[in-house]
Amino acid sequence: MRWAEVQVQADDCSEDAVSNIFIEEGCLGTVSILNKGVRTVCGYLPVDDLIELRLELVQERIRRLPDMGLTLPSTELKINWVEDQDWETAYRAFFKPVRVGKIVVSPSWEECDIRDRDVLLRIDPGMAFGTGCHESTRLCLQALQDFIRGGETVLDVGTGSGILAVAAAKLGAKQVVAIDVDPVAFRVATENVARNGVSGAVAVLLGDSPRIWSGNADIIVCNIVPDVIISMAPDLAAKVSPGGVIITSGIVQERTVDVTNALESVGLLTSEVREENTWVAVVSRPSIGGGSAWGITEGFS
Amino acid sequence: MAKKVLAVVKLQIPAGKATPAPPIGPALSQYQIAIMEFVKAYNEKTASMVGQIIPAEITIYEDRSFTFVLKSPPASELLKKAAGIEKGSGQPNRAKVGKITREQLRQVAEQKMADLNAKSIEAAMRTLEGTARSAGIEIVD
(Lines give C-alpha, C1' and ligand atoms only; values in the text may rest on other atoms or scores of the structure.)
Protein backbone atom coordinates (compact mmCIF):
# COMPACT_ATOMS: atom_id res chain seq x y z
CA MET A 1 0.00 0.00 0.00
CA ARG A 2 1.04 3.60 -0.59
CA TRP A 3 0.51 6.43 1.85
CA ALA A 4 0.32 10.18 1.52
CA GLU A 5 2.31 11.65 4.38
CA VAL A 6 0.75 15.03 5.14
CA GLN A 7 2.58 17.56 7.30
CA VAL A 8 1.69 20.98 8.57
CA GLN A 9 3.43 23.30 11.00
CA ALA A 10 1.39 24.17 14.08
CA ASP A 11 1.88 25.50 17.61
CA ASP A 12 0.74 24.32 21.05
CA CYS A 13 -2.66 25.96 20.54
CA SER A 14 -3.47 24.83 17.00
CA GLU A 15 -1.96 21.34 17.29
CA ASP A 16 -5.14 19.59 18.47
CA ALA A 17 -7.30 21.24 15.80
CA VAL A 18 -4.85 20.10 13.09
CA SER A 19 -4.72 16.56 14.49
CA ASN A 20 -8.49 16.45 14.65
CA ILE A 21 -8.79 17.42 10.97
CA PHE A 22 -6.23 14.78 9.94
CA ILE A 23 -8.01 12.07 11.94
CA GLU A 24 -11.50 13.06 10.78
CA GLU A 25 -10.38 12.95 7.15
CA GLY A 26 -9.00 9.42 7.42
CA CYS A 27 -5.66 9.32 9.24
CA LEU A 28 -5.33 6.56 11.84
CA GLY A 29 -3.63 8.97 14.21
CA THR A 30 -1.07 11.75 14.12
CA VAL A 31 2.53 12.37 15.11
CA SER A 32 3.77 15.66 16.46
CA ILE A 33 7.44 16.54 16.73
CA LEU A 34 8.98 19.72 18.09
CA ASN A 35 12.21 20.53 16.29
CA LYS A 36 14.14 23.80 16.83
CA GLY A 37 11.03 25.50 18.15
CA VAL A 38 8.80 24.43 15.26
CA ARG A 39 6.08 21.87 15.86
CA THR A 40 5.17 19.70 12.88
CA VAL A 41 2.00 17.59 12.90
CA CYS A 42 2.05 14.66 10.53
CA GLY A 43 -0.57 12.14 9.43
CA TYR A 44 -0.84 9.36 6.84
CA LEU A 45 -3.71 8.86 4.39
CA PRO A 46 -4.00 5.61 2.44
CA VAL A 47 -3.63 6.24 -1.30
CA ASP A 48 -6.85 5.13 -3.03
CA ASP A 49 -9.30 6.57 -5.59
CA LEU A 50 -10.36 9.27 -3.16
CA ILE A 51 -6.93 10.50 -2.12
CA GLU A 52 -6.93 13.71 -4.21
CA LEU A 53 -10.33 14.68 -2.82
CA ARG A 54 -9.27 13.95 0.74
CA LEU A 55 -6.08 15.97 0.41
CA GLU A 56 -8.10 18.91 -0.93
CA LEU A 57 -10.52 18.66 2.01
CA VAL A 58 -7.69 18.55 4.53
CA GLN A 59 -5.96 21.53 2.88
CA GLU A 60 -9.19 23.53 2.82
CA ARG A 61 -9.92 22.88 6.49
CA ILE A 62 -6.35 23.75 7.53
CA ARG A 63 -6.44 27.02 5.55
CA ARG A 64 -9.52 28.08 7.48
CA LEU A 65 -7.96 27.63 10.94
CA PRO A 66 -6.58 31.20 11.20
CA ASP A 67 -10.16 32.47 10.69
CA MET A 68 -11.11 30.61 13.87
CA GLY A 69 -8.46 32.45 15.87
CA LEU A 70 -5.81 29.70 15.73
CA THR A 71 -2.25 30.49 14.71
CA LEU A 72 -0.08 28.34 12.43
CA PRO A 73 3.39 29.20 11.08
CA SER A 74 2.13 28.07 7.67
CA THR A 75 -1.21 26.68 6.52
CA GLU A 76 0.25 24.93 3.48
CA LEU A 77 0.34 21.13 3.55
CA LYS A 78 3.55 19.37 2.70
CA ILE A 79 2.92 16.00 1.06
CA ASN A 80 5.35 13.09 0.69
CA TRP A 81 4.52 9.74 -0.85
CA VAL A 82 5.54 6.75 1.27
CA GLU A 83 5.59 3.07 0.31
CA ASP A 84 4.51 0.41 2.83
CA GLN A 85 7.50 -1.14 4.56
CA ASP A 86 8.22 -3.67 7.24
CA TRP A 87 8.27 -0.97 9.91
CA GLU A 88 8.02 -3.55 12.67
CA THR A 89 11.53 -4.88 12.10
CA ALA A 90 13.21 -1.99 10.25
CA TYR A 91 14.94 -0.84 13.44
CA ARG A 92 16.84 -4.12 13.64
CA ALA A 93 19.21 -2.95 10.90
CA PHE A 94 20.53 -0.35 13.35
CA PHE A 95 21.39 -2.76 16.15
CA LYS A 96 24.53 -4.74 15.40
CA PRO A 97 26.74 -6.54 17.92
CA VAL A 98 28.92 -4.08 19.84
CA ARG A 99 32.31 -5.08 21.23
CA VAL A 100 33.82 -3.46 24.33
CA GLY A 101 37.07 -5.21 25.24
CA LYS A 102 36.13 -8.85 25.67
CA ILE A 103 32.43 -8.11 26.09
CA VAL A 104 30.16 -8.48 23.06
CA VAL A 105 26.65 -7.04 23.38
CA SER A 106 24.30 -8.47 20.80
CA PRO A 107 20.56 -8.42 20.14
CA SER A 108 18.98 -11.89 20.09
CA TRP A 109 18.43 -11.93 16.31
CA GLU A 110 22.09 -11.39 15.40
CA GLU A 111 24.62 -14.14 14.87
CA CYS A 112 27.93 -13.10 16.34
CA ASP A 113 31.51 -14.07 16.10
CA ILE A 114 32.63 -15.03 19.61
CA ARG A 115 36.22 -15.81 20.49
CA ASP A 116 37.42 -18.05 23.31
CA ARG A 117 37.50 -15.65 26.22
CA ASP A 118 34.74 -13.35 25.04
CA VAL A 119 31.75 -12.62 27.24
CA LEU A 120 28.47 -12.52 25.30
CA LEU A 121 25.54 -10.42 26.54
CA ARG A 122 22.20 -10.90 24.81
CA ILE A 123 20.29 -7.62 25.16
CA ASP A 124 17.32 -6.65 22.97
CA PRO A 125 16.74 -2.90 22.76
CA GLY A 126 13.49 -1.74 24.28
CA MET A 127 11.97 0.40 26.95
CA ALA A 128 14.88 0.76 29.35
CA PHE A 129 18.21 2.56 28.94
CA GLY A 130 21.22 0.37 28.24
CA THR A 131 21.36 -1.16 24.76
CA GLY A 132 25.16 -1.03 24.59
CA CYS A 133 25.06 1.66 21.90
CA HIS A 134 25.78 4.58 24.21
CA GLU A 135 29.21 5.85 25.27
CA SER A 136 28.14 6.02 28.93
CA THR A 137 27.28 2.31 28.90
CA ARG A 138 30.44 1.33 27.05
CA LEU A 139 32.65 3.22 29.53
CA CYS A 140 31.05 1.19 32.36
CA LEU A 141 31.41 -2.11 30.49
CA GLN A 142 35.13 -1.41 30.07
CA ALA A 143 35.57 -0.35 33.71
CA LEU A 144 33.76 -3.47 34.97
CA GLN A 145 36.16 -5.75 33.11
CA ASP A 146 39.10 -3.76 34.44
CA PHE A 147 38.03 -4.10 38.07
CA ILE A 148 36.27 -7.47 38.35
CA ARG A 149 38.77 -10.22 39.16
CA GLY A 150 36.19 -12.78 40.32
CA GLY A 151 34.16 -13.18 43.50
CA GLU A 152 33.23 -9.52 44.09
CA THR A 153 29.94 -8.05 45.24
CA VAL A 154 28.70 -5.49 42.70
CA LEU A 155 25.95 -2.89 43.12
CA ASP A 156 24.40 -1.45 39.94
CA VAL A 157 22.45 1.72 40.71
CA GLY A 158 20.01 2.76 37.95
CA THR A 159 20.29 -0.55 36.16
CA GLY A 160 17.92 0.28 33.25
CA SER A 161 17.99 -2.72 30.91
CA GLY A 162 20.20 -4.56 33.41
CA ILE A 163 23.09 -4.65 30.93
CA LEU A 164 25.78 -3.75 33.49
CA ALA A 165 24.45 -6.17 36.12
CA VAL A 166 24.45 -9.00 33.57
CA ALA A 167 27.96 -8.04 32.48
CA ALA A 168 29.21 -8.02 36.09
CA ALA A 169 27.78 -11.49 36.75
CA LYS A 170 29.23 -12.89 33.53
CA LEU A 171 32.62 -11.38 34.31
CA GLY A 172 32.71 -13.38 37.54
CA ALA A 173 31.12 -11.26 40.28
CA LYS A 174 29.81 -13.51 43.06
CA GLN A 175 26.78 -11.38 43.90
CA VAL A 176 25.19 -8.53 41.94
CA VAL A 177 22.44 -6.25 43.20
CA ALA A 178 20.70 -4.15 40.52
CA ILE A 179 18.39 -1.31 41.57
CA ASP A 180 16.10 0.91 39.52
CA VAL A 181 13.34 3.36 40.41
CA ASP A 182 11.40 2.69 37.19
CA PRO A 183 9.02 -0.33 37.22
CA VAL A 184 9.54 -0.81 33.47
CA ALA A 185 13.31 -1.01 33.95
CA PHE A 186 12.75 -3.42 36.83
CA ARG A 187 10.75 -5.71 34.52
CA VAL A 188 13.14 -5.42 31.56
CA ALA A 189 16.22 -5.97 33.75
CA THR A 190 14.63 -9.03 35.37
CA GLU A 191 13.93 -10.45 31.89
CA ASN A 192 17.45 -9.75 30.65
CA VAL A 193 19.00 -11.32 33.75
CA ALA A 194 16.96 -14.49 33.13
CA ARG A 195 17.66 -14.52 29.37
CA ASN A 196 21.39 -14.39 30.05
CA GLY A 197 21.22 -17.19 32.60
CA VAL A 198 22.52 -15.19 35.56
CA SER A 199 19.41 -15.16 37.79
CA GLY A 200 21.34 -17.06 40.43
CA ALA A 201 23.88 -14.26 40.84
CA VAL A 202 21.81 -11.12 40.20
CA ALA A 203 19.02 -9.72 42.39
CA VAL A 204 16.96 -6.95 40.76
CA LEU A 205 15.31 -4.55 43.22
CA LEU A 206 12.75 -1.78 42.67
CA GLY A 207 13.53 1.36 44.66
CA ASP A 208 14.79 4.94 44.61
CA SER A 209 17.94 4.60 46.71
CA PRO A 210 20.92 2.27 47.11
CA ARG A 211 19.97 2.21 50.80
CA ILE A 212 17.07 -0.18 50.12
CA TRP A 213 19.77 -2.87 50.02
CA SER A 214 21.42 -3.56 53.37
CA GLY A 215 24.81 -4.80 52.15
CA ASN A 216 28.06 -3.21 50.99
CA ALA A 217 29.66 -3.60 47.56
CA ASP A 218 33.24 -4.01 46.38
CA ILE A 219 32.28 -2.34 43.12
CA ILE A 220 29.47 0.16 42.59
CA VAL A 221 28.48 1.20 39.11
CA CYS A 222 26.07 4.09 38.63
CA ASN A 223 25.27 5.18 35.06
CA ILE A 224 22.60 7.84 35.44
CA VAL A 225 23.01 11.63 35.03
CA PRO A 226 25.12 14.19 36.94
CA ASP A 227 22.32 15.60 39.11
CA VAL A 228 21.19 12.19 40.31
CA ILE A 229 24.78 11.05 40.93
CA ILE A 230 25.44 14.25 42.92
CA SER A 231 22.36 13.80 45.10
CA MET A 232 23.21 10.13 45.64
CA ALA A 233 26.88 10.71 46.47
CA PRO A 234 26.46 10.15 50.25
CA ASP A 235 24.59 6.87 49.59
CA LEU A 236 27.28 5.66 47.20
CA ALA A 237 30.00 6.47 49.74
CA ALA A 238 28.07 4.65 52.45
CA LYS A 239 27.61 1.54 50.32
CA VAL A 240 31.16 0.99 49.09
CA SER A 241 33.34 -1.53 50.93
CA PRO A 242 36.78 -0.58 52.29
CA GLY A 243 39.18 -0.80 49.35
CA GLY A 244 36.26 -0.79 46.91
CA VAL A 245 35.66 1.26 43.80
CA ILE A 246 32.82 3.41 42.50
CA ILE A 247 32.24 3.94 38.77
CA THR A 248 29.92 6.85 37.96
CA SER A 249 28.91 7.49 34.36
CA GLY A 250 26.35 9.27 32.16
CA ILE A 251 28.29 12.48 32.70
CA VAL A 252 28.68 15.10 29.98
CA GLN A 253 32.19 16.59 29.91
CA GLU A 254 31.21 20.02 31.21
CA ARG A 255 29.62 18.54 34.35
CA THR A 256 32.61 16.38 35.33
CA VAL A 257 33.87 18.83 37.95
CA ASP A 258 30.42 19.06 39.58
CA VAL A 259 30.37 15.28 39.95
CA THR A 260 33.95 14.89 41.24
CA ASN A 261 33.37 17.76 43.71
CA ALA A 262 30.25 16.06 45.06
CA LEU A 263 32.00 12.69 45.36
CA GLU A 264 35.06 14.27 47.02
CA SER A 265 32.85 16.18 49.48
CA VAL A 266 31.69 12.85 50.90
CA GLY A 267 35.23 11.56 51.33
CA LEU A 268 35.82 9.77 48.03
CA LEU A 269 39.01 10.22 46.05
CA THR A 270 38.88 10.61 42.28
CA SER A 271 41.30 8.03 40.94
CA GLU A 272 40.52 8.20 37.23
CA VAL A 273 38.46 10.16 34.72
CA ARG A 274 37.75 8.23 31.53
CA GLU A 275 36.35 9.71 28.34
CA GLU A 276 34.69 8.54 25.16
CA ASN A 277 33.63 11.24 22.70
CA THR A 278 31.94 13.86 24.89
CA TRP A 279 31.04 11.43 27.69
CA VAL A 280 32.84 10.88 30.95
CA ALA A 281 33.01 8.14 33.58
CA VAL A 282 34.62 8.84 36.96
CA VAL A 283 36.37 6.15 39.00
CA SER A 284 36.46 6.95 42.73
CA ARG A 285 37.70 5.17 45.85
CA PRO A 286 37.14 5.64 49.58
CA SER A 287 39.92 7.89 50.91
CA ILE A 288 40.81 5.82 53.93
CA GLY A 289 41.48 2.10 53.88
CA GLY A 290 38.99 1.45 56.66
CA GLY A 291 35.46 1.98 55.44
CA SER A 292 33.59 4.90 54.02
CA ALA A 293 34.95 8.30 54.83
CA TRP A 294 31.41 9.63 54.84
CA GLY A 295 30.60 7.39 57.76
CA ILE A 296 33.67 8.69 59.60
CA THR A 297 32.77 12.32 58.89
CA GLU A 298 29.29 11.64 60.23
CA GLY A 299 30.82 10.12 63.32
CA PHE A 300 32.81 13.26 64.09
CA SER A 301 30.03 15.73 63.46
CA MET B 1 18.18 11.58 31.57
CA ALA B 2 18.33 15.08 30.30
CA LYS B 3 21.35 14.87 28.03
CA LYS B 4 20.71 11.43 26.69
CA VAL B 5 17.44 12.37 24.99
CA LEU B 6 17.46 12.10 21.19
CA ALA B 7 13.86 13.15 20.51
CA VAL B 8 10.42 13.54 22.02
CA VAL B 9 7.58 12.38 19.78
CA LYS B 10 3.91 12.87 20.56
CA LEU B 11 1.35 10.50 19.08
CA GLN B 12 -2.40 10.95 19.00
CA ILE B 13 -3.77 7.46 18.40
CA PRO B 14 -6.85 5.39 19.24
CA ALA B 15 -6.55 3.74 22.65
CA GLY B 16 -5.89 0.00 22.63
CA LYS B 17 -5.48 -0.14 18.85
CA ALA B 18 -1.87 0.76 18.14
CA THR B 19 -0.23 -1.18 15.26
CA PRO B 20 3.09 -0.86 13.40
CA ALA B 21 1.18 0.67 10.44
CA PRO B 22 1.24 4.46 9.89
CA PRO B 23 1.46 6.74 11.72
CA ILE B 24 3.40 4.73 14.34
CA GLY B 25 5.64 2.70 12.00
CA PRO B 26 7.14 5.49 9.89
CA ALA B 27 7.20 7.94 12.82
CA LEU B 28 9.17 5.67 15.12
CA SER B 29 11.25 3.64 12.67
CA GLN B 30 13.16 6.80 11.69
CA TYR B 31 14.50 6.78 15.27
CA GLN B 32 15.36 3.05 15.13
CA ILE B 33 13.38 2.01 18.19
CA ALA B 34 11.69 -1.34 18.83
CA ILE B 35 8.21 -0.45 17.61
CA MET B 36 6.41 -3.55 18.86
CA GLU B 37 7.65 -2.87 22.38
CA PHE B 38 5.84 0.45 22.25
CA VAL B 39 2.73 -0.97 20.53
CA LYS B 40 2.30 -3.71 23.13
CA ALA B 41 2.90 -1.45 26.11
CA TYR B 42 0.59 1.28 24.77
CA ASN B 43 -2.25 -1.16 24.05
CA GLU B 44 -1.87 -2.72 27.47
CA LYS B 45 -2.02 0.65 29.26
CA THR B 46 -4.96 1.96 27.22
CA ALA B 47 -7.05 -1.24 26.97
CA SER B 48 -9.72 0.22 29.27
CA MET B 49 -10.00 3.46 27.24
CA VAL B 50 -10.93 2.02 23.82
CA GLY B 51 -12.99 4.46 21.77
CA GLN B 52 -10.95 7.51 22.80
CA ILE B 53 -7.89 9.14 21.29
CA ILE B 54 -5.20 8.88 23.99
CA PRO B 55 -1.97 10.74 23.24
CA ALA B 56 1.37 9.19 24.15
CA GLU B 57 4.54 11.23 24.58
CA ILE B 58 7.55 9.08 23.75
CA THR B 59 11.03 10.06 24.91
CA ILE B 60 13.74 8.44 22.77
CA TYR B 61 17.24 8.20 24.21
CA GLU B 62 20.49 8.34 22.28
CA ASP B 63 21.00 4.61 22.61
CA ARG B 64 17.56 4.05 21.02
CA SER B 65 15.89 2.86 24.19
CA PHE B 66 12.75 4.82 25.01
CA THR B 67 10.02 5.48 27.52
CA PHE B 68 6.56 7.00 27.21
CA VAL B 69 3.77 8.61 29.22
CA LEU B 70 0.08 8.90 28.40
CA LYS B 71 -1.49 12.35 28.15
CA SER B 72 -5.07 13.52 28.58
CA PRO B 73 -7.30 13.27 25.47
CA PRO B 74 -6.81 16.08 22.93
CA ALA B 75 -8.90 19.24 23.31
CA SER B 76 -10.90 18.46 20.16
CA GLU B 77 -11.97 15.11 21.64
CA LEU B 78 -13.03 16.69 24.94
CA LEU B 79 -14.98 19.41 23.10
CA LYS B 80 -16.76 16.88 20.87
CA LYS B 81 -17.62 14.81 23.92
CA ALA B 82 -19.02 17.89 25.68
CA ALA B 83 -21.13 18.65 22.58
CA GLY B 84 -22.28 15.03 22.42
CA ILE B 85 -21.02 14.48 18.87
CA GLU B 86 -18.75 11.84 17.31
CA LYS B 87 -17.34 13.81 14.42
CA GLY B 88 -16.82 17.50 13.78
CA SER B 89 -18.06 19.34 10.74
CA GLY B 90 -16.05 19.21 7.52
CA GLN B 91 -17.45 22.64 6.70
CA PRO B 92 -17.47 24.40 10.04
CA ASN B 93 -18.35 27.80 8.52
CA ARG B 94 -21.62 26.57 7.09
CA ALA B 95 -22.59 23.41 8.95
CA LYS B 96 -22.65 23.56 12.74
CA VAL B 97 -22.88 20.12 14.23
CA GLY B 98 -22.99 20.79 17.95
CA LYS B 99 -23.13 23.31 20.78
CA ILE B 100 -21.46 23.71 24.12
CA THR B 101 -21.92 26.29 26.83
CA ARG B 102 -19.21 28.72 27.94
CA GLU B 103 -19.14 26.87 31.27
CA GLN B 104 -18.36 23.59 29.45
CA LEU B 105 -15.63 25.43 27.53
CA ARG B 106 -14.17 26.63 30.83
CA GLN B 107 -14.14 23.06 32.20
CA VAL B 108 -12.22 21.79 29.16
CA ALA B 109 -9.87 24.79 29.44
CA GLU B 110 -9.09 23.89 33.06
CA GLN B 111 -8.26 20.34 32.00
CA LYS B 112 -6.03 21.40 29.09
CA MET B 113 -4.33 24.52 30.43
CA ALA B 114 -0.93 22.92 30.96
CA ASP B 115 -0.86 21.28 27.51
CA LEU B 116 -1.82 24.54 25.81
CA ASN B 117 0.93 26.50 27.55
CA ALA B 118 -1.74 29.09 28.32
CA LYS B 119 -0.99 31.98 30.67
CA SER B 120 -4.55 32.30 31.93
CA ILE B 121 -7.81 30.40 31.87
CA GLU B 122 -9.20 33.10 29.53
CA ALA B 123 -6.32 32.58 27.08
CA ALA B 124 -6.90 28.82 27.15
CA MET B 125 -10.64 29.40 26.54
CA ARG B 126 -9.90 31.62 23.53
CA THR B 127 -7.71 28.91 21.99
CA LEU B 128 -10.29 26.22 22.67
CA GLU B 129 -13.01 28.37 21.18
CA GLY B 130 -11.01 28.29 17.93
CA THR B 131 -10.52 24.52 18.20
CA ALA B 132 -14.29 24.11 18.79
CA ARG B 133 -15.21 26.34 15.87
CA SER B 134 -12.81 24.46 13.59
CA ALA B 135 -14.87 21.34 14.26
CA GLY B 136 -18.22 23.11 13.75
CA ILE B 137 -19.06 23.38 17.44
CA GLU B 138 -20.79 26.60 18.51
CA ILE B 139 -20.26 28.24 21.89
CA VAL B 140 -23.50 29.45 23.47
CA ASP B 141 -23.96 31.54 26.60
Side-chain angles (χ1 to χ4, degrees), chain A residues 3 5 12-17 19-21 23-25 27-35 42-44 46 57 61 64-65 67-70 82 84-91 93-95 124-134 136-137 160-161 182 184 224-227 250 252, chain B residues 1-4 7-14 17-29 31-39 41 53 55 61-68 74-77 80 87-88 90-93 112 115-118 126-127 129-135:
Chain A
W3 302 83
E5 182 187 70
D12 288 343
C13 295
S14 52
E15 181 186 1
D16 281 357
S19 273
N20 181 51
I21 292 170
I23 291 170
E24 287 194 347
E25 298 305 338
C27 294
L28 295 169
T30 61
V31 185
S32 149
I33 299 171
L34 186 65
N35 191 7
C42 169
Y44 295 82
L57 270 174
R61 289 185 70 179
R64 268 195 246 121
L65 289 178
D67 303 338
M68 322 277 177
L70 296 171
V82 179
D84 235 344
Q85 293 168 30
D86 185 5
W87 284 298
E88 196 177 321
T89 55
Y91 74 98
F94 176 81
F95 289 100
D124 284 345
M127 287 180 56
F129 193 84
T131 63
C133 295
H134 199 266
S136 62
T137 312
S161 67
D182 175 6
V184 174
I224 310 184
V225 286
D227 290 338
V252 284
Chain B
M1 302 237 162
K3 278 284 183 177
K4 295 179 186 175
V8 177
V9 176
K10 199 155 95 186
L11 294 172
Q12 289 199 4
I13 46 178
K17 298 200 170 148
T19 74
I24 298 172
L28 298 186
S29 72
Y31 296 107
Q32 291 104 11
I33 69 167
I35 289 169
M36 284 314 289
E37 287 281 308
F38 168 74
V39 165
I53 301 280
Y61 298 106
E62 283 181 0
D63 76 343
R64 269 66 181 178
S65 60
F66 65 96
T67 176
F68 74 95
S76 43
E77 290 295 302
K80 285 193 272 186
K87 188 177 183 295
Q91 295 177 308
N93 286 343
K112 294 301 287 184
D115 292 345
L116 292 171
N117 251 329
R126 271 196 300 279
T127 294
E129 198 169 337
T131 309
R133 288 172 62 201
S134 77

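What you see below is based on every heavy atom in this structure, not just the backbone, and it leaves out hydrogens, waters and symmetry mates. A note on names: the letters A, B, ... follow the listed sequences, proteins ahead of strands, and every chain is numbered from 1.
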Between B:Glu77 and A:Asn20: side-chain donor-acceptor atoms closer than 3.5 Å:
no

Rounding to 0.5 Å, atoms CG (A:Asp16) and OG (B:Ser134) come to a distance of 9.5 Å

Checked B:Ser29, B:Pro23, B:Ala135 vs chain A; the most non-hydrogen pairs under 4.5 Å come from B:Pro23

So, the part of A:Ser136 with a heavy atom under 4.5 Å from chain B: the answer is side chain

Taken to the nearest 0.5 Å, the spacing of B:Thr127 OG1 from A:Asp12 CG works out to 9.5 Å

So, the part of B:Lys80 with a heavy atom under 4.5 Å from chain A: the answer is side chain

In terms of heavy-atom contacts, B:Ile13 and A:Gly29 come closest through CG2-CA, 4.2 Å

Under 4.5 Å to a heavy atom of chain B? For A:Leu57 that would be neither

For A:Tyr91, the ring-ring contact (aromatic ring centres under 6.0 Å, His included) test, sequence neighbours excluded, returns A:Trp109

Rounded to the nearest 0.5 angstrom, the CE-CD distance for A:Met127 and B:Glu37 is 7.5 Å

So, the part of A:Val82 with a heavy atom under 4.5 Å from chain B: the answer is neither

Separation between OG1 (B:Thr19) and CD (A:Glu88), nearest 0.5 Å, reads 9.5 Å

When rounded to the nearest 0.5 Å, the distance separating NZ of B:Lys10 from CD of A:Glu15 is 3.5 Å

Quick one: are A:Val31 and B:Val9 in side-chain contact, heavy atoms under 4.5 Å?
yes

Applying a strict 4.5 Å limit to non-hydrogen atoms, the region of B:Ala41 in contact with chain A is side chain

Using a 3.5 Å distance criterion without hydrogens, assess whether the side chain of B:Asp63 forms a donor-acceptor pair with backbone atoms of A:Thr131. yes

Rounded to the nearest 0.5 Å, the CD1 atom of B:Ile33 sits from the CZ atom of A:Phe95 at a distance of 9.0 Å

So, the part of B:Ile53 with a heavy atom under 4.5 Å from chain A: the answer is side chain

Comparing A:Gly126, A:Cys133, A:Gly130 against chain B, the one with the most heavy-atom pairs below 4.5 Å turns out to be A:Gly126

Sorted by chain and number, sequence neighbours left out, ring-ring contact (aromatic ring centres under 6.0 Å, His included) with B:Phe38 holds for B:Tyr42, B:Phe68

If you tally heavy-atom pairs under 4.5 Å between each of A:Pro46, A:Gly69, A:Ala90, A:Ala128 and chain B, the highest tally belongs to A:Ala128

Of all heavy-atom pairs linking B:Pro22 and A:Trp87, the shortest is CD-CZ3, 3.5 Å

Using side-chain heavy atoms (C-beta onward) and a distance below 4.5 Å, is A:Ile33 in contact with B:Tyr31? yes

Does any non-hydrogen side-chain atom of A:His134 lie less than 4.5 Å from one of B:Tyr61?
no

Residue from A:Gly160, A:Pro125, A:Cys27, A:Cys13 scoring the most non-hydrogen pairs under 4.5 Å with chain B is A:Cys13

Per-residue tally against chain B (heavy atom, under 4.5 Å) across A:Ile23, A:Asp67, A:Leu70 peaks at A:Leu70

Cut-off 4.5 Å, heavy atoms of chain B, and the answer for A:Asp227 is neither

